[in-house]
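As structure tokens, the structure follows; a few thoughts come after it.
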Amino acid sequence: ELSLTHVTASGNISGSSTSTLSIGGDATVNDLVVNQISASGNISASGNIFTSGEISASGKIHSNDEFILKDGGSGPTDDQLVRIYASSDDGIIDVYQNGAVKNRIHGNGVSYIQGGNFGIGTTTAGEKLVVEGNISASGATTRVTAKHLTGISSITSSGKLMTFDDIELRDGAIGGDTLVKIYDSNDDGIISIYQNNLEKIRLDGTNGSITASGDISASGKIYSNDE
């Protein structure tokens, strides 16, 4: 363990993987490589600060460049896990998996999540995005694009609701019985109404037909151009 009051070095300060550097005052160095750093004053480095242990401070920790968390070591060749840095005065946080960026939070750019699932209001997200609660969106053009929307109690829109596949109404749960299905077949619209998961009524846009396995009753008139 090395305890100093004031350190000024034009070169590097290096220690073993078990060494601890304690500084009671200020330190100004080029590169600093130790296991653990503890200082009651300031540490200023024109190069890099590498540590495989802890950096503790009762005040602020500043960097004019980057903060990098590496996998288990303090060397520059170890895999990066988290990187906090600046790009054109904008802050960026990157989270890595096997040396590749998977998740990014950008202060003035594109943020994304590619690794794992994302939960809002829950810690057990089983899909790419799981929201426990209400979703509110506003703006001149508001659009939600998703492959599947499940587990939503209600959808309210002052504009259009569009889908490029199917709309299904189920009985109270994601895996519940199908009640109504609106879908397409060869660019023709179809509405099917079910009972106990069996189709009972179909409105088919292909030929304009209505088919039913039971009776059809009407309080008004029923017209036919045929019979």
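Applying the salt bridge (charged side-chain N to carboxylate O under 4.0 Å, His left out) test to residues at least two apart or on different chains, the pairs with a partner in residues 81-93 are Glu66-Arg83. Sorted by first then second residue, the side-chain hydrogen bond (donor to acceptor under 3.5 Å, both in side chains) pairs that include residues 111-121, not counting sequence neighbours, number zero. Residue pairs meeting the salt bridge (charged side-chain N to carboxylate O under 4.0 Å, His left out) criterion with at least one member in residues 96-125, sequence neighbours excluded, are Asp94-Arg104. Among residues at least two apart or in separate chains, salt bridge (charged side-chain N to carboxylate O under 4.0 Å, His left out) pairs with a member in residues 201-217 are Glu199-Arg202.
Ile182 and Ile190 fall into different hydrophobic clusters, where Ile, Leu, Val, Met, Phe, Trp and Tyr side chains are chained together by heavy-atom contacts under 4.5 Å.
Surrounding CD1 of Ile105 are at most 12 heavy atoms belonging to other residues, nucleotides or ligands under 6.0 Å away. Within a 6.0 Å radius of CG in Asn186, other residues, nucleotides and ligands contribute 12 heavy atoms or fewer.
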- Task: Could you go through the side-chain contact (heavy atoms from CB on, under 4.5 Å) check for Phe118 and Ile113 one step at a time?
- Result: CA-CA 8 Å; Phe118 188 76; Ile113 294 178; 2.9 Å; yes
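Between Asp177 and Asn197 the shortest heavy-atom distance is OD1-ND2, 3.0 Å. Across all non-hydrogen atoms, the minimal contact from Ala212 to Ile201 is CB-CG1, 4.1 Å. Heavy-atom minimum distance, Leu203 versus Ile210: CG-CG1, 4.3 Å. When all heavy atoms are compared, the tightest approach of Thr122 to Ala125 is OG1-N, 4.4 Å.
Interatomic distance, CG of Asp188 versus OG1 of Thr206, reported as 3.5 Å (0.5 Å rounding). Taking NE2 from His106 and OG from Ser87, the interatomic distance works out to 5.0 Å, rounded to the nearest 0.5 Å. Within the model, atoms CD1 of Ile191 and CD1 of Ile167 stand 9.5 Å from one another, a figure rounded to the nearest 0.5 Å.
In this structure, Glu132 has no salt bridge (charged side-chain N to carboxylate O under 4.0 Å, His left out) partners at least two apart in sequence or on a different chain.
Inter-residue side-chain proximity for Leu81 and Tyr96 is flagged as unmet; no heavy-atom pair is nearer than 4.5 Å. Using a 4.5 Å heavy-atom cutoff, the side chains of Lys181 and Asp166 are in contact. Residues Tyr85 and Ile92 are in side-chain contact: their nearest non-hydrogen atoms beyond the backbone lie under 4.5 Å apart.
Members clustered with Ile68: none, using a 4.5 Å side-chain heavy-atom cutoff among hydrophobic residues.
In this structure, the side chain of Asn196 does not engage the main chain of Leu198 through any donor-acceptor pair within 3.5 Å.
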